[in-house]
Amino acid sequence: MSGVRQIARRRLLGDGLTLFGALALGCLLFLGLFGPWLPLGDPLRIAAGPRLGAPSAQFLFGTDELGRDFLPRVVQGIRSTFLLSAIAVAITAVIGTLLGLAAGYLGRHTDQMIARGADILFAFPALVAGLLVAAVMGPGQASAITVISIATLPLFIRVVRSVTLGVAGRGFVTAAEVAGASTLRVMLVHLLPNVMGAVMVQLTYALSIGMIIESALSFLGLGVQPPDASLGSLLRQGSAYLTIAPWMVLTSGAVLSLAIMSVNLVGDAVRDALEPLKGRPLT
Amino acid sequence: MRLIAYLLPRILAALITLFGVSVLVFLSLRLLPGGYADILLGPFVTPEARALIAQRYGLDQPLVVQYMRWVWAMLGGDFGVSMVTQRPVIAELLRRAPVTLQLALIALTLALVVGYPLGVLSGVRAASRRRKRDFGRVVGAMGASVPDFVLGSVLIFVFSVWSLWFRVGGYVPFGTDPVGNLRTMLLPGLTLSVFGVALILRTTRDTVLRVMTEPHITAAVARGATPGAIIRCHILRNAAIPVVTVVATYFGFLLGGAVIVEVLFSVPGVGLYIFNGLLNRDYAIVQGGVLLAAVVFITINMLADVLYALIDPRVGAAR
Amino acid sequence: MQPPVIALEQVTVTYRSGFLGGTGFDALRGVSLSVGAGETVGLVGESGSGKTTLGRVCLGLLPPTSGQMRFGGEGFGKLRHRRGQLSVVLQHPEWALNPRLRCGRSVEEPLVLTGVRAAERRERVAEILHQVGLDPSFAARLPGQLSGGQRQRIAIARALVTNPRFIVFDEAVSALDVSVQAQVLNLIRDLQERHGFGALFISHDLAATRYVSHRIAVMLNGEIVEDGPSGLFYGTPEHPYSRALLAAV
Amino acid sequence: MTARAQEPLVDIADLVIGYDTGTRQVRALDGASLQVFDDETLAIVGESGSGKTTLGMAAGRLLPPEAQLLGGRINVSGVDVTSADDAALRRLRHDRLGFVFQNPTAALDPTMRIGRQVALAMGGRPGPEAIAELLSRAELNEPQRIMRAFPHELSGGMAQRVVIAMAIARQPHLLIADEPTASLDASIREKVMATLGRLRAESGASLVILSHDLRLIARHADRVAVMYGGRIVELGPVVQVMQAPAHPYTNALLAAAAGNEAPGERLRPIPGTPPVLEARCEACAYAPRCALRQPRCEAERPEARRLAGREVVCHRAEAVIGAEQPTRQEAR
Amino acid sequence: MPGTPRTSLSALAIMAGLGLALPATAESVITWGKPAEITGFDVHVAGTVASWEMYQMVYETLLTTDDDLNLQPGLAESWEEVSQTRFIFTLREGAAFSNGRVVDAQDVIGSIERIRNPETASYWAHQLGEIVSMEALDDRRVAVDLARPHATFLPALAHITAAIIPVQEYQAGEFNPESEMLGSGPFMVSAHNQDESWTLLRNPHYGRDGYPRADRMNVAIIPDESARMAALRDGRIDFTTFENPDAPQMLGTTAGVAHHPIQTTNYYRFDVNALSEDSAFHDRRVRQAMNLSLDRDAINMLVFNGTSAVDYPVPAAFGTDACHDLDTYALPREERLARARELLAEAGQPAPRVELMAASANPVLVRIAEVAQQSLAEAGFDVRIAAVPTAEYLQRVFTDGDFDFSASWLAGYTDPSMVIQWWNPNFAVWNLAFQEEVPELSEALAAVRSVPDSPERDEALRDICAMIDEGANLLALVSKVDYVVYRSDQVEVRLADRTGSANTWQYIAEFAPAE
């Protein structure tokens with residue numbers, strides 16, 4: 001396994017597709033983090049321009065049905081969709097990793113309980129779970145985070161559990177057990193650092209799933225609350241006006257797809273770097 | 001015998017999972033703010049009317065009693081009645097299941113027919129050329145990046161402005177009018193399949209690459225087998241193993257989770273039924289629908305396990 | 001006379017497999033074995049004969065299904081009460097050490113667990129690294145930067161750092177190249193002379209085993225079929241299986 | 001033995017192969033030369049990293065794409081392996097070569113029954129009798145049962161016999177066996193080697209065994225090539241090389257291996273670690289670990305020369321061969 | 001349901017399945033793209049327009065309204081107001097339920113009794129006033145006696161919830177109004193696939209000869225606006241409605257698509273919680289400030305593209321200008337804002353934090369909330385919007401009273417003094433959760449109920465408006481316009497310019513496929 005710096009050097013810069021993904025991700029991250037302080041205009045100001053105005057020099061992405069400038073709305077959408085998913089996935093990764101470690105290392109009843117719990121979450125139709133959670137908790141950021149967590153938790157548990165099963169059989173774990181290390185110590189000192197690679201890879205995939213879920217919830221009107229925008233809510237807003245104001249769906253849809261794609265590409269690169277697959281040619 | 005020994009613990013685990021799902025869906029529904037009384041009476045709901053409706057549907061009973069009644073009735077095949085239509089939920093679910101199944105099958109077929117061969121091709125090429133910028137990665141990354149509601153919205157727009165052969169909404173059963181049926185079902189199927197293409201392509205590509213690191217492939221090359229023969233005899237079968245699991249999960253997801261696409265394209269499937277049931281607080285529909293989806297999901301995954309064991313002889317023996 | 005460091009009497013281990021523990025499989029059947037202080041007992045046998053299971057029983061990682069196990073004449077108790085008294089060196093050098101910990105941290109871990117203070121730990125680590133023939137600067141390296149032989153030395157250093165009474169070497173040299181194997185085998189012999197621990201040396205390689213062992217036990221199908229001084233294995237052992245093993249040397 | 005008049009079956013000359021690790025290039029072979037003749041068993045001995053597997057796989061051009069040919073040539077059975085096109089190469093592998101791998105279970109397709117795999121290796125459409133016959137030749141009892149089995153259901157020894165049967169299925173001229181017994185239990189290594197040797201003799205093919213186990217090959221090879229630092233440092237008939245090594249490395253290997261020592265005798269490990277080459281080695285690669293080294297050894301690359309019935313790559317070979325047989329220190 | 005039509009339908013289905021061409025004269029079919037499924041079958045209970053629209057197809061009421069919202073004969077061909085408390089209705093000759101049985105006086109009495117029965121849980125019981133007795137004078141004549149004058153008694157009977165059901169069959173257990181529909185309206189239900197489609201066949205016993213003109217009406221349930229537009233474009237549906245004012249424009253380029261805005265008495269409204277002490281609106285001055293700073297014109301211009309009209313407590317569609325000169329509507333915006341700030345300062349809450357709730361299912365409500373948020377901010381309000389599912393919105397507002405204020409639209413029915421009763425929490429008991437009782441207002445409202453439409457009533461209404469404005473508890477915003485869009489090349493329609501609630505398709509019997 002190589003360090004993050006080596007991954008960055010060897011993989012990210014070595015290949016155009018990944019470079020594209022990394023650059024796009026960087027731009028989106030920048031817009032997401034610093035969007036509110038950029039001189040792009042107020043995403044919430046109604047009647048800033050004409051209703052459903054086409055893209056122009058003044059309004060690069062056009063205006064929406066309440067005359068709001070669409071460009072700052074898209075930037076705000078990136079912020080909601082991206083940051084919200086990132087927070088949710090980060091929280092889930094911590095919980096899922098700990099549960100996966102416990103399941104993989106403790107085995108037996110703990111494993112059974114955690115595995116069943118993950119199965120239950122997994123067998124629950126994701127979007128129905130999303131609707132239920134959003135309805136119980138009320139629409140908004142907290143429930144979006146919960147839904148993303150529910151949907152991605154089993155991914156982390158499963159991956160961490162299977163990696164843990166592999167690592168737990170290795171010599172250094174047995175040596176630590178024989179030396180009398182406590183279960184917690186074995187899990188945190190010996191297992192955790194060794195599953196982090198797999199967690200990293202899963203993190204990027206979970207992030208892309210998280211973004212899909214967040215935007216899907218917002219698309220159904222269960223995500224961020226108006227007038228704030230998320231890419232999903234902009235799409236919902238735009239899809240009603242597709243025929244006369246196609247720029248709304250096109251801009252927010254393209255940005256959303258680009259965001260997910262850049263996360264996927266970077267995830268691929270991280271995976272390739274951590275676990276290079278080099279099959280042999282058939283000649 | 002070995003198959004039974006292999007399946008029995010899985011069935012037990014599945015039952016526990018189902019129990020968990022049933023409790024979860026039951027409780028979360030009861031936690032929802034607002035009930036069917038609100039939906040039926042609109043703003044005119046009074047405490048008396050609310051109590052009357054609760055009594056009519058047994059909602060005034062303690063939760064444990066309600067849950068037990070529900071489970072007991074379900075064991076007898078009675079999923080309860082929809083509060084909106086007063087019709088048995090199970091009949092409606094069974095009527096809609098084939099619609100969802102057809103949608104899922106269209107999506108799955110498209111995803112498999114496109115994703116699997118492309119994945120194999122891309123994996124073999126990637127292994128041979130040691131280049132990461134191959135079409136498999138591009139198609140995979142793009143397919144996984146366009147959410148179904150984005151694609152669906154655009155498709156609806158495109159196909160309704162230029163009214164091409166496809167149609168949005170207006171489902172007719174395949175048995176009644178096969179052509180009309182396909183006109184309405186292909187678009188949502190296509191929308192659903194895009195993610196599946198990417199999923200299957202990526203999984204297949206990874207698996208092929210992984211299989212191609214195995215010594216038995218080198219052994220086959222060393223024996224002078226042609227690439228075609230190696231792919232046919234060794235790679236396809238070995239690479240199918242993880243793909244089976246992914247396909248099962250995807251199929252299960254299609255059967256239980258195609259809500260957005262069904263809503264967007266007005267496809268009267270199970271997802272739409274559950275979605276509307278949830279909006280209407282029609283408890284029996286959501287409970288029954290979610291449970292059915294979970295049963296289907298678990299069963300398909302179990303079938304995948306069996307298939308897995310059939311393809312990979314090591315699995316059954318490992319127990 | 002001192003009681004043996006570890007003594008097994010009629011130990012049987014049954015693995016349950018299948019649904020609800022349907023069928024049982026005896027990995028060990030009535031095994032009796034003892035290892036004295038300063039003594040190395042070699043345990044040879046083909047894969048699946050129960051060598052590793054026996055090793056795990058001796059380390060307290062696997063409770064016997066039936067039979068007695070005594071440690072220094074007493075009951076074994078729990079592993080955490082035996083901190084610093086037991087250790088193990090295992091087969092794969094690439095997995096012997098936690099790849100995420102610097103070697104010094106790996107070596108000092110048993111000391112941390114026995115509650116030795118930091119200053120003393122540093123001293124002891126440097127000393128033990130010297131004893132296994134490594135420069136103290138190795139403490140700062142990650143396992144990835146080491147060769148297989150070096151890693152196995154670090155693993156031995158970790159096993160010895162608390163001056164344990166009993167060490168299990170489970171295929172500790174099998175994956176090493178001939179020349180490195182010789183280094184490690186010599187190291188084991190020298191260190192045992194110095195520290196006086198009892199050792200169980202598990203291997204399917206009779207040549208390496210008889211080189212480090214005082215006594216050799218041969219396992220076949222979960223039973224010990226021959227147990228005698230290692231000198232015997234340079235001549236003609238009694239059991240036909242032992243003879244077959246010898247033929248391969 | 002002296003050079004034979006006949007054409008060699010395998011002729012490898014001054015082969016240089018490097019591996020691209022992404023950050024640098026490591027040389028696995030640094031000018032290896034070797035000839036294999038008809039109807040002989042040649043053992044290539046060396047520790048991990050010495051380049052023996054690279055050499056063996058290069059003979060069938062089976063190296064991964066990271067491996068780059070930097071120089072030299074390989075001729076197998078009249079085919080120039082380095083420049084042959086895919087089809088010619090496939091024909092060569094198919095008709096003339098047979099490979100036996102280190103881990104037999106992994107070398108078999110886990111999802112296919114043995115019978116079908118053997119049939120694929122035999123080519124054409126062999127009947128069950130023919131398959132059973134072939135398996136029997138590889139000393140597998142109950143061939144019918146084995147044909148129905150999957151690889152994971154076989155023991156390592158049985159799987160290796162299956163792999164051997166597949167390797168000889170088409171009467172190859174050359175068998176290359178890479179550590180054929182390393183993953184097997186000690187008690188059956190000897191028997192598997194005997195089977196391999198017998199089948200080679202019956203078919204009249206040549207056998208190249210790659211191994212790190214000097215003692216094992218001593219009993220089964222005609223000639224032995226010792227590799228170090230990507231070169232063949234000593235090559236000659238087994239008896240001569242084993243009894244009177246001419247290269248200090250061969251000598252040290254023999255002294256380090258357990259098994260030959262008398263009870264109580266102490267093994268003599270080789271100090272230091274093997275080299276990792278990034279460019280052509282312009283000195284003796286073994287010099288840093290060699291007790292006999294002289295300034296010349298660190299300044300001048302030794303070339304192969306004939307000495308006492310073998311080829312040796314060492315400036316100090318005379319001193320080695322002249323010395324007494326290695327003695328072991330008394331232990332304790 | 002009667003068996004014959006269904007059989008013929010399945011025969012048709014089989015023929016279609018076999019690919020047999022149907023004779024062109026076989027059947028005239030119209031298709032309605034319905035935006036929402038019904039919420040229940042019981043015509044006397046369901047309180048949603050989505051349900052009412054479907055009931056209109058199947059059931060009839062004693063009276064109806066015309067284009068000017070004046071009462072017209074319905075199932076009753078005539079009615080006689082014997083006194084302010086006694087009414088006699090005469091049923092139409094030949095009116096029959098779709099099962100062929102003639103509608104009689106007992107059906108009327110039974111239906112009204114069912115509505116009044118608390119067990120039925122019908123919200124309409126209140127609207128009918130206090131009925132003392134009903135008697136069947138003969139098969140076709142019913143007399144109803146009220147305890148006291150009740151001006152909206154007749155308009156209440158013109159609302160679909162007062163539909164006449166076949167009581168004889170109901171009492172015999174042959175007809176269950178909770179799961180079936182059986183009425184004397186133009187159509188009868190032949191098939192229903194929930195959330196998907198309905199098949200309505202012409203009621204062969206419908207009282208008007210030659211009507212309905214269509215033999216069959218297919219109903220496709222298409223909640224998604226884009227999908228509904230697509231269906232209109234490809235001609236799969238003939239007519240539908242949109243809440244989005246831009247829908248006609250979006251369809252503008254499609255050949256054959258025509259649109260027709262219908263002004264309804266329905267109106268968009270804010271319900272303000274005056275009762276909860278957790279709400280800033282507990283203070284009347286804060287409510288008044290909110291009312292003053294609301295920019296209703298902006299809502300009309302931005303959300304409805306100027307196609308709606310500012311609404312007053314008495315919906316604009318009634319054509320009365322009773323309340324227009326109130327400060328809230330008449331003062332220039334700057335002055336209103338200044339007054340609002342003053343009120344907030346007086347109340348000691350210069351920047352009240354309040355949550356505006358809207359049902360997320362209706363994007364128009366959310367847009368209204370967004371515009372309101374910005375206009376209220378100018379006076380210092382800090383408004384947070386919560387778009388929640390309909391069920392939750394309903395429970396929190398009408399049962400729990402757990403909210404600050406909410407956006408919704410409500411039915412305006414067919415008479416100004418009927419809708420204005422909503423400002424009386426003793427009448428509109430469902431408002432008790434958040435509405436403050438103002439005794440003078442309640443009295444005035446009770447009084448106006450017995451005043452017939454006249455200049456005096458306008459005067460009374462003006463006073464009431466002032467009181468309503470003072471309380472700022474239930475605020476009318478703008479009128480609701482139904483944007484009807486239809487394929488003029490496929491269907492002949494008749495549409496009113498103005499309708500009472502849920503009466504969009506009042507002339508459905510006259511719809512027919514275009515020649």
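Lettering follows sequence order; numbering is per chain, from 1.
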* **Exercise: do D/Thr195 and D/Glu139 side chains pair donor with acceptor under 3.5 Å** => yes

* Asked: B/Ala220 versus chain D, heavy atoms under 4.5 Å apart: side chain, backbone, both or neither?
  ->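 When you check distances to chain D, no heavy atom of B/Ala220 falls under 4.5 Å.
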
Residue part contacting chain B, namely of [X], when any heavy atom lies under 4.5 Å:
{"X": "D/Arg170", "value": "side chain"}
{"X": "D/Leu120", "value": "side chain"}
{"X": "D/Arg116", "value": "side chain"}

* Between D/Asp85 and D/Arg90, is there a side-chain N and carboxylate O pair less than 4.0 Å apart? ->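 Salt bridge: no.
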
* Does the distance from a Lys or Arg side-chain N to an Asp or Glu carboxylate O, for D/Lys52 and D/Glu47, drop under 4.0 Å? -> no

* To do: Answer yes or no: does atom CZ of D/Arg73 have more than 12 heavy-atom neighbours from other residues, nucleotides or ligands under 6.0 Å?
  =>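 12 or below, so no.
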
* Structure fact -> Heaviest contributor of heavy-atom pairs below 4.5 Å to chain D, chosen from B/Pro227, B/Pro215, B/Ala229, is B/Pro215

* Donor-acceptor pair, D/Arg189 side chain versus D/Leu184 backbone, under 3.5 Å? -> yes

